[in-house]
Asks: 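So that we are looking at the same thing, I have put the structure below in C-alpha cells.
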Amino acid sequence: MSFSLFSRAVLFGAALSCFGVSAAAVAAGAEQAGDPVLRPSARHAAGVGRGPHRPSSSRAQVSRSAGLTQPVQVAAATDRVTERLLRDVRGAVQDSTAASQQDLAKTGVSASALGSSWTEVRVVPANDRLLGSIGGWRQRLSRAGFDFTLSYMAEGVANVAGGRRTGFDYSHQVVMGTDFDLNKLFGMQGWSFHMLGVQRAGRSVATDYLGKTGLIQPQQDYGVGGNVLYKLVYMYFEKTLFDKKLTIDFGRMPANLKYGTSYFGCYALNSVICAHPTGLSVGSKWRSWPFSQWGMTARLNPGHGLYAQAGFFEASATEGGRAGFNFSFKPLGYVVPVELGWEPALGRDRLTGHYKIGGYIDTSNHPDPFTAFDGSPILISHRAARIERQRGAWYVGADQMVARFGAAKDQGLILFGMAGWDQGASLPGQSQYTLGIISQGMFPSRVTDAISLFWSWQNVNRKITRYQEMQQDLGYTTLRGGVKLPQSNFQVLELTYTAFITRGLKLLPDLQYIVHPDANRTYPNALEAGFRLLAQF
C-alpha cells in the first residue's frame, strides 16, 4: 500500500506551514496511513546480515533465500513489497556505517557552499548526509514524493594583517528547504514544487576590520537574512515538458538564481567569487539570493549538452521584505535574463565542462551617479540627476576538467573562469574577471578533498570614480560612499582546502589576500585567515 491522497495532501500542507519537517513525525504519520512498516520478523525475512539474495513472491522462497528453517509470515508478500522492505533495511544499515571510498567515488561529493541549495545539486548525495537515511525514512518519504534539505554553514574570518584593524568575526547560515514531486503526491505529471529559506546571523569582518564600505565580503554567508528565524529565498512551481527537454519555473525566486552562476565558485569563501560575479549584480535588480521577486524562467535542453534559457522577472520594489514573505507585486520595471550554454563530457575519460554566455536587461529607472539631466556634473550644477531608463550586463564563463583522477563527477583537475561587463551608467561596478584552478580527489585516500585557488579583479563604475575625484579636487575630506580616497578597483586572491571529515561534514581552512580594501589605497593590502564548516543533514 502507499500513502493515501489525503495523507499526501496533509504532508504537503504541513511542510509548507512548518518549513522544517521532522522526519520522525512524518514517519509516524506514514505508519498510521498504512504504509508497510518493517517489523522484526520482516527484517529476518529480508536476510539482514546474511549476504545478498533475490526477493521472491513466494513465502517459502523468501524463507529459503534468507537461510531460515521456519516459515516467515510477511503480510501480503509480493515482489514489490519485499523490494521496498529490502530498500528500507539497506537504508537503516547505511546509517550505522561510514561511506566507503568506493561509494564516494561513485557519486562524488561537492565541496560547494551551495551544497543542497543550488538547483543543480539540491539533493545531497545519500552518502553525504550526517543523519544518513534516518533509518530508511528518508527514502520512504522520497518515494512518496517529499525530499527535504537541512544544512548548517559557519564561517569565521580574521583580518590578521593590513586593512583598517585586526580582528575576528563569525557568521552562520542555516538552509531549510523542501521539494515536492507533485506527480507522486497527486498524479500531476511533470509537476514539482520547491521551497527554500535561510536563517543567518553574525558579524561582517569586511566592515568591522577590513574597510568602511563592505564592497568586499570575505564571508559568503553574511548579509540579508540575519535576525529573522526564516527568510524565504524561493518558492516556485516547476513543470517539465517533452520528456524533460523543456523546464518552466514560475513563482518567487531571485532573478539570477540560475543565470551566471557556478557552484565551483563556492569552493571559495569570498562572496565576490561565490557564486556569481557580484560586480554585475550588486546594486542591480538582477538579484541574488536571499532576495526574492516574482518571475518565471524557461530552459530548453535539445540534447548534446546544449541548453538555452530565458526569464522574465519584476524589478521588485520590496524584494520580499525582511523575511521574504512580502508577496506584493509592485514592479519598478522588469528584468530579462538570457543564457546559452554547453555542458560536455569530453573524451574517453568523460572530462566534464560547463560553458555559458549570457546577460540581462533591467528596465527600472535609476539616477546617473555623475551627470545631471542637462549634461552638467551634478557636483557643480547641483541639478537633478539624469535618469537611466535601461541598464544591464553580459558575461561569459567556463569550467573544464583537464585531467581526471577518478570516476567521481568532479574528481579531477578543473580550470575555471568568468568575466562580465556592466552596460549602463548607474551600476556600482564596471567589470569583473575571475580565474580559478581546482584539484579535487588527487589523493586516492581522499577522493573528496579539494585544493582551490581563485583570483578576482573588480573595477568600480568610472562615473563614481570621477565624482569622487572631483570631490577630492574641491577639498572634500569624506568622499561619496564614506571613503577617504577615490575608488577604482580591487583584487582578491584566495586559497582554500576542503577537508572531508566524515559524511555530511566538511572543514575548509582558507586564506585571502585582498589588494586595495575599499577599492582604494586608504588602507594597506589585507590578509584574511579563516574557515568554513559545512554540515549537511
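What you see is a predicted model; the values in this text were computed from it and never measured. Residue numbers start at 1 and run along the sequence shown.
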Asks: Listed by chain and number, what are the side chain to side chain contact (heavy atoms under 4.5 Å, CB included) partners of Phe327, not counting sequence neighbours?
Replies: Leu232, Met235, Arg252, Trp294, Phe325
Asks: Verify, without hydrogens or angle tests, whether Arg404 (side chain) and Asp349 (backbone) share a donor-acceptor contact under 3.5 angstrom.
Replies: yes
Asks: Any sub-3.5 Å donor-acceptor pair from Arg391's side-chain atoms to Ala425's backbone N or O?
Replies: no
Asks: List the atom of Lys506, the atom of Thr498, and the distance in Å for their closest heavy-atom pair.
Replies: CD-CG2, 4.3 Å
Asks: For Lys212, does the NZ atom sit with more than 12 other heavy atoms under 6.0 Å from it, leaving out its own atoms?
Replies: no
Asks: For Arg480, I'd like to know if atom CZ has over 12 heavy atoms of other residues, nucleotides or ligands within 6.0 Å.
Replies: yes
Asks: For atom CG of Leu495, decide whether the heavy atoms of other residues, nucleotides or ligands shown that lie under 6.0 angstrom number more than 12.
Replies: yes
Asks: Is the terminal nitrogen or CZ of Arg287 (NZ for Lys, CZ for Arg) located under 6.0 angstrom from the six-membered ring centre of Phe291 and within 45° of that ring's axis?
Replies: yes
Asks: Nearest heavy-atom pair of Thr496 and Ala268: which atoms, and what distance?
Replies: OG1-CA, 4.3 Å
Asks: Counting only N and O atoms by type, is there a donor-acceptor contact under 3.5 Å from the side chain of Gln430 to the main-chain atoms of Arg462?
Replies: yes
Asks: Show, in sequence, the C-alpha distance, side-chain angles and deciding distance for Asp221 and Arg200, and conclude whether the salt bridge (Lys or Arg N to Asp or Glu O under 4.0 Å) test is met.
Replies: CA-CA 7 Å; Asp221 66 358; Arg200 288 178 166 182; over 6 Å; no
Asks: Any side-chain to backbone donor/acceptor pair from Arg164 onto Gly211? Under 3.5 Å, distance only.
Replies: yes
Asks: Strictly distance-based, threshold 3.5 Å: is any side-chain N or O of Ser328 a donor or acceptor partner for the main-chain N or O of Lys330?
Replies: no
Asks: Please determine whether salt bridge (Lys or Arg N to Asp or Glu O under 4.0 Å) holds for the pair Glu339 and Arg299, giving the CA-CA distance in whole Å, both sets of side-chain angles, and the decisive distance to 0.1 Å.
Replies: CA-CA 9 Å; Glu339 183 175 292; Arg299 175 171 171 137; 5.5 Å; no
Asks: Step by step, work out the side-chain contact (heavy atoms from CB on, under 4.5 Å) result for Phe490 and Val272.
Replies: CA-CA 11 Å; Phe490 65 84; Val272 170; 4.1 Å; yes
Asks: We want to know whether Gln458 and Gln432 form a side-chain donor-acceptor pair, criterion being a heavy-atom distance below 3.5 angstrom.
Replies: yes
Asks: About how many Å separate OG of Ser288 and CG of Leu257, when rounded to the nearest 0.5 Å?
Replies: 8.0 Å
Asks: Counting distance only, does the side-chain N/O of Gln400 pair as donor-acceptor with the main-chain N or O of Thr352 below 3.5 Å?
Replies: yes
Asks: Let me confirm one number: the SG-OH distance from Cys274 to Tyr267, rounded to the nearest 0.5 Å.
Replies: 11.5 Å
Asks: Start with the C-alpha distance between Gln199 and Val228, add both sets of side-chain angles, then the distance that settles side-chain contact (heavy atoms from CB on, under 4.5 Å), and finish with yes or no.
Replies: CA-CA 6 Å; Gln199 191 278 323; Val228 293; 5.9 Å; no
Asks: Could you measure the distance from the CZ atom of Arg466 to the CD atom of Glu469? Nearest 0.5 Å is fine.
Replies: 8.5 Å
Asks: With under 30° as parallel and over 60° as perpendicular, where do the rings of Phe180 and Phe193 fit, or are they tilted in between?
Replies: tilted
Asks: Do side-chain atoms of Tyr259 reach the backbone of Gly311 as a donor and acceptor pair under 3.5 angstrom?
Replies: yes
Asks: Nearest 0.5 Å, what's the CG-CD1 distance between Leu340 and Ile357?
Replies: 7.5 Å
Asks: Do you know the tightest heavy-atom contact between Thr465 and Gln487?
Replies: OG1-O, 2.5 Å
Asks: Could you tell me whether the side chains of Asn270 and Gln512 share a donor-acceptor contact shorter than 3.5 Å?
Replies: yes
Asks: Taking all heavy atoms of Glu528 and all of Ile514, pick out the closest pair and write down the distance.
Replies: CG-CD1, 3.8 Å
Asks: Sequence neighbours left out, what passes ring pair (Phe, Tyr, Trp, His ring centres under 6.0 Å) with Tyr355? Give chain and number order.
Replies: Trp342
Asks: Among residues at least two apart in sequence or on other chains, which ones pass side chain to side chain contact (heavy atoms under 4.5 Å, CB included) with Ala206?
Replies: Ser204, Gln217, Pro218
Asks: Restricting to non-hydrogen atoms, name the atom on Ala529 and the atom on Val160 that form the minimum distance, rounded to 0.1 Å.
Replies: CB-CG1, 4.2 Å
